[in-house]
Amino acid sequence: MDSEKFKDIEKKWQKRWDEAGIFEADADKDREKFFLAHAYPYPSGPTHHGHARAYLFDDAIARYKRMKGFNVLYPMGWHCTGNPAMIKAEKIRKGDRDTIDKLKEAGVPEREVKKLKDPYRYVRFFATESDLSYKNCLKTVGCSIDWRREFMTIDDTYKKFIQWQYSRLRKLGYVQQKEYPVIWCPEQEMPLGDNDVEDESQGAEAEEYVAYKFMVEEDGEEILLPAATLRPETIYGVTNMFLNPGLDYVVADVGNERWLLSQEAYEKMGYQREDVSLVEEFSVEDIIGKYCKNPVTEKDIIILPADFVKGDSATGVVMSVPAHAPYDHIAIKELKKREDVLKKYNIDTKDLDFDYISLIDLEGYGKYPAVEIADEMGIEDMNEERLEEATKEVYRKEFHKGTLSENTGYPGKKIDEIKDKVKEDMLARDLAEIYYDTNKPIVCKCGAMGVVKLVDDQWFLRYSDREWKDISLDLLNRATVIPDKYRKELNYYLDEWMGDKPCARKKTLGTELPFDKNWMVEPLSDSTVYMAYYTIAKTINQKKIEAEDLDSSVFDYVFWGKGDPKKCKMEEDVLGEMREEFLYWYPIDMRIAGTEHLSNHLSFMIFHHAALFDEDRWPRGITIHGMVLDENGNKVSASKGNGYSMKEIAKGGVVDAMRIGMYAKSSPWDDIKFGKKEVDRTIENVSSRFQKMVRYVDMVKEAPEGKEDVFDRWIVSKMHRHIKKTEDAMERLELMEAVNHSFYGAFNDIKKYINKKDSPNRKVLEEVIGIWIRILAPFAPHLCEELWEKIGGEGFVSVAEWPRSDSDAIDRVAEKEVELGDMVEDDIREIKDITGMDRLEQIRIVVSAEWKWKMRTAVEEGKDLSELMEKDMFRRQGKVAARYFQELKEEHQIEELMDVDEELQALEEMKGRFEETFGAKVVIEREEESQEDKAAKARPGKPAIVLKD
RNA sequence: GCGGGGGUACCCAAGCGGUCAAAGGGGCUAGGCUUAGGACCUAGUGGUUUAGUACCUUCGCAGGUUCGAAUCCUGCCCCCCGCACCA
C-alpha cells in the first residue's frame with residue numbers, strides 16, 4: 001500500500017465518521033461521561049504540523065476513552081477576541097508589504113488577502129473558513145471532535161455568557177477599578193502586550209522611577225530638577241547632578257511646580273498625569289556649573305555636564321551617587337580630565353574634588369563599592385561595555401546584602417527590606433514623585449513608539465484576594481494534574497505569584513464589560529470558564545437561540561439552578577435541555593493546555609471556577625502539552641516557515657504515520673524536536689511498518705487452522721500484556737509508552753511470531769490482529785478503521801469496544817519457554833562464533849540435573865550448606881554441590897523458573913526451530929544421562945550446550 | 001532576580017534503589033535476500049576476555065548514604081521554560 005492509498009483511506013474514513021456522526025455526544029444518563037477540552041486556538045495565521053501535535057494529544061485520549069465505553073465529549077471553539085488579528089488586518093489595510101507577502105507565501109490566494117483587512121474576516125478565515133484554518137488542520141489529522149458545539153468568542157451569544165460571568169464576579173466582589181501603569185501605543189490608543197511589539201522590545205516593562213525634586217534657582221525662579229532613580233535610598237549619597245547639554249530640555253508646569261524635563265520625558269509625562277503643560281524650551285547650559293539643593297539632605301550640589309544622559313530614558317535628569325553607581329564614578333573621573341569642557345562651563349577643578357558619600361555598608365567592601373568593582377573589572381571609561389555589568393553587580397550585592405549607614409534616615413536597615421518604605425516616606429513628604437518609563441524602547445508592531453500610560457480607572461480581577469486564592473488552591477488540591485510536577489508550579493502561581501490583573505481594555509475584539517461599556521473584557525479574561533459553554537453550545541446552535549434571549553437569568557438557571565425558568569425568555573424545554581446537558585457533562589474531566597498557559601489560562605480557569613461554581617462542578621483534571629521544535633531547537637512557527645503546513649500534510653496520505661511519530665517521540669508534556677527532515681524520516685519509517693502490518697492482516701485469511709503450539713500461546717499472551725500495558729499508560733496519559741506497546745511492541749512480537757512459526761495459526765492470528773487493530777486505533781485511527789473493515793470488524797473501530805486484557809490468556813510458561821528458546825539460540829550462536837565452526841553437525845542441549853533445581857529451592861528457603869549436605873542427593877555431588885551452593889548464595893534474587901520437566905518439554909518444542917536456524921541435528925538430554933563433559937555446566941534455566949561439527 | 005524543569009552511550013529518548021552495560025527509535029557495521037541499488041530479514045554496536053563466561057570503566061562534575069546507586073542525599077557546573085494584562 002503506497003501513500004496514495006493511505007490518503008484515500010484518510011479522506012474516506014473522515015467522511016464516514018462525519019456522516020455517521022459517531023463523535024457527536026449527547027447527554028445520556030445511562031452512560032458514564034468523559035469531557036475533555038483543549039485550549040481553544042487563537043486563529044492568528046496559517047496552521048502547521050506543530051499545531052497538530054497539541055490536538056493529537058487530546059484526540060488520542062478522546063478515542064481511547066470512547067473505546068473504553070465512555071460517552072466522550074470533545075468539542076472545539078475559536079478564541080477570536082484580542083489584538084493580533086486586528087493589528088494584522090490593519091497592516092493589510094495599510095498595504096504593508098511584509099504582512100501581505102507572508103500571507104501569500106503561506107498560500108492565501110491573492111484576492112483573499114485584500115479581504116483580510118477586515119479583522120472579523122481575518123479570524124474567520126484562519127479559524128474555519130479556509131484550508132489553512134485550524135478547523136481544517138484538526139479535520140485533516142482526524143480529530144474526533146463534536147463540531148455541533150463549535151463557537152467563536154466574538155459570537156453575540158458567547159458575549160452574553162461572558163457578560164453573565166463578569167456581572168456575577170463583580171457581585172462577588174472580585175472585580176475592582178484602580179490606577180495602573182500600562183505600556184501604551186499612542187497611535188492605536190491601546191495597551192501593548194509582548195505580542196503586540198517588535199521582537200527587540202519583547203520583555204519590556206514599565207519601571208517605577210522615583211523622581212526626587214532637586215531645586216535650582218534661575219532668574220529668581222525656582223525650577224525643580226526631577227532626578228529619576230530606581231534606587232530611592234541612594235538619595236543620601238548624591239554628590240552632584242548630571243544634565244546633558246546636547247539634549248533638548250523644556251521647562252514645564254507640573255501641578256503647581258515648574259519642572260525641568262527632557263523633551264521626550266515631557267511628552268511622555270502627558271500620558272501619566274493631566275496637569276502638565278509646556279512653559280518654554282530651556283537650554284541647560286545656563287545652569288550647568290550652578291548648584292542645586294538635595295530635597296532630603298538639603299545639601300547644595302553642583303550640576304555637571306554629561307553626554308551619557310539620555311533624553312528618552314526617564315526624565316533626562318540624573319542624580320549622581322558615585323560611591324554606589326559605577327556609571328557616576330566613571331563619569332566624574334572622566335570629566336576631571338576634560339579641561340576643555342570644564343572651562344566651557346566655568347567649572348573650577350576644585351569643584352570636582354568633593355568626597356564621595358558612602359551610604360550603604362556592604363560586607364566585603366569598603367566605603368565605595370562602585371569604585372572597587374569598577375577598578376576590579378578594570379573599567380576605565382564610559383564606553384566600556386562592562387559598565388552595565390558592573391552596575392548590576394553593585395546593585396545586586398547592595399540590594400540583597402547591604403544595609404543603610406548612619407548618615408541615612410534608616411540606619412542599619414537592610415536595603416531589600418527598607419527600599420519601599422523609603423519611597424513611600426519621600427512621596428508622603430512631597431520630596432519626590434513617581435514617574436514611569438519603560439526599561440527599553442518600545443516599538444509597537446504598528447510602528448509607533450510605546451509609552452507608559454497611567455490609567456486611573458482600570459478594571460481588575462482581584463487575584464490577590466486571599467480568600468479567593470484559598471478556594472482556588474482547594475480546587476487545585478482536588479484536581480488531578482498530569483504530570484504531577486506541574487502542580488507545584490500551579491500552586492506557586494495561585495498562592496504567591498498572582499496579583500490583581502487588569503481584565504479589561506479600551507480597544508480590542510471582544511465583549512463589553514456589562515457594568516462599564518467603555519471597557520472590553522481583555523482576551524485572556526474571557527477564556528476562563530468557557531468549557532461550560534460547550535455543554536450548551538449545541539442547543540444554542542441547533543435551536544438558533546438569539547443573543548437577546550440569553551440574559552443572565554438564563555445562565556443563572558442553567559449553571560446554578562437558580563431563579564425561575566418561567567421568567568427566562570426561552571421555551572422551557574430548550575432551557576431544560578441546556579440545564580440537563582450542563583448537569584450531565586460538567587465538570588470537565590480533563591483540561592489540556594500548553595506549558596506556557598500555566599500562569600495564565602490554567603490559573604485563571606481555576607480562579608474563576610472556584611469563584612463561580614460549586615465544588616462538584618470544579619475541573620477534575622489538568623494536563624499539559626509541550627511544543628514542537630525544529631532541528632535547531634526553535635519553535636516551529638508559520639512565520640519561520642520551519643513546519644509543514646496543513647495543506648501539505650493533507651495531500652500526503654501521511655497523517656497516521658505522523659501521528660505515531662509524534663506520540664512516540666516523547667511524553668506529551670515534553671517538547672519534541674520534530675523538524676521537517678525528522679518528520680519525513682519518521683513518516684517513511686512508520687509507513688513501512690504500516691505496510692507490513694497490512695500484510696500481516698492479509699495473512700489472516702490465508703493462514704491454515706492448526707494445532708496450537710508454544711508460539712501461539714506466547715503471542716496471545718504477549719498481546720494481552722500489550723493491551724494491559726497500553727491501558728495502564730493511557731490512564732497516566734503516557735502516550736509514548738502506550739504507542740511503544742500498542743504499535744512498536746505489538747509489531748515486533750507479531751513479526752517474531754510470524755518469522756518463527758512455519759505458518760501462523762489462523763485462529764490465533766485472527767485474535768492477535770483483532771487486538772492489535774483495536775489497541776492501535778486511538779493512535780492511527782484511519783489505518784485501523786480500514787483494517788478493521790478488512791477483517792470484518794463490526795461498525796467503526798473508533799467506537800469498538802477496547803479489548804479486554806484477559807489474565808487467563810497471560811501464559812507465563814509459554815513466555816518463559818520462548819525466552820528460554822531465545823536464550824539458547826543466542827548462546828548457540830555465540831559459541832559458534834567464538835569457536836569459528838561454520839557448519840554444525842549436531843547440537844546437544846543438556847538440561848541441568850535435578851539436584852541443582854532442588855538446591856535452588858532450598859537456598860531460596862534460606863537453608864544453609866551443612867543442613868543441605870546431610871541429604872544424600874547433595875552429598876553425593878561432593879565439592880560440586882558446595883560450589884553451586886556458593887554460586888546461588890551470591891545471587892541476590894533467585895529468578896522464578898520453569899521446573900526440570902517443563903524445561904525439557906520447552907526445549908523439545910523449540911527443537912525444530914533450532915534445527916532450522918542452524919541446519920544441524922538437535923539432541924536434548926538430561927545432565928544425569930549425558931556423556932558430555934560440558935554437561936556439568938548446565939544450570940536450571942540455563943542448559944549446557946555442546947556443539948559438534 | 002523569582003519560580004519550574006532538565007543534563008543517560010554516535011543522535012533522539014526511556015529508566016528513577018538490586019532483574020542495568022542500561023528499553024525503544026534513528027544512525028552505523030556485518031551477514032542474508034536481490035541482476036545491482038533501495039526496501040526487507042538476521043545479528044552486532046563501551047572495553048578486555050571466554051565454548052555460551054568473567055572482569056573493568058560508564059548515566060554533567062565532586063563527594064556522601066547503602067551489602068548494593070543512572071536511580072537517594074549534599075555541593076558545584078551547564079542547559080531549557082514561564083515571569084502576566086499578551087494570545
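Lettering follows sequence order; numbering is per chain, from 1.
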Side-chain donor/acceptor contact of A:Tyr180 with base of B:rC85 under 3.5 Å: yes
Same-atom distance (P) from B:rA43 to B:rU49, integer angstrom: 26 Å
B:rU74 versus B:rC67 - spacing of their C1' atoms, nearest Å: 23 Å
Below 4.0 Å: OP1/OP2 of B:rC41 and any side-chain N or O of A:Lys751: yes
Heavy atoms from other residues, nucleotides or ligands near NZ of A:Lys507 exceed 12 (cutoff 6.0 Å): yes
Identity of whatever pairs with B:rG44 - Watson-Crick or G-U, under 3.5 angstrom: B:rC28
B:rG26 OP1/OP2 closer than 4.0 Å to side-chain N/O of A:Arg689: yes
Ring pair (Phe, Tyr, Trp, His ring centres under 6.0 Å) partner of A:Tyr134, chosen from A:His51, A:His38, A:His48: A:His51
Watson-Crick/G-U partner (both atom distances under 3.5 Å) of B:rC83: B:rG1
Face-on cation placement of A:Lys469 at A:Tyr463 ring, 6.0 Å and 45° thresholds: no
Face-on cation placement of A:Arg659 at A:Phe779 ring, 6.0 Å and 45° thresholds: no
Gap in Å between the two C1' atoms, one belonging to B:rU71 and one to B:rC80, rounded: 22 Å
Under 4.0 angstrom between A:Lys485 side-chain N/O and B:rG4 OP1 or OP2: no
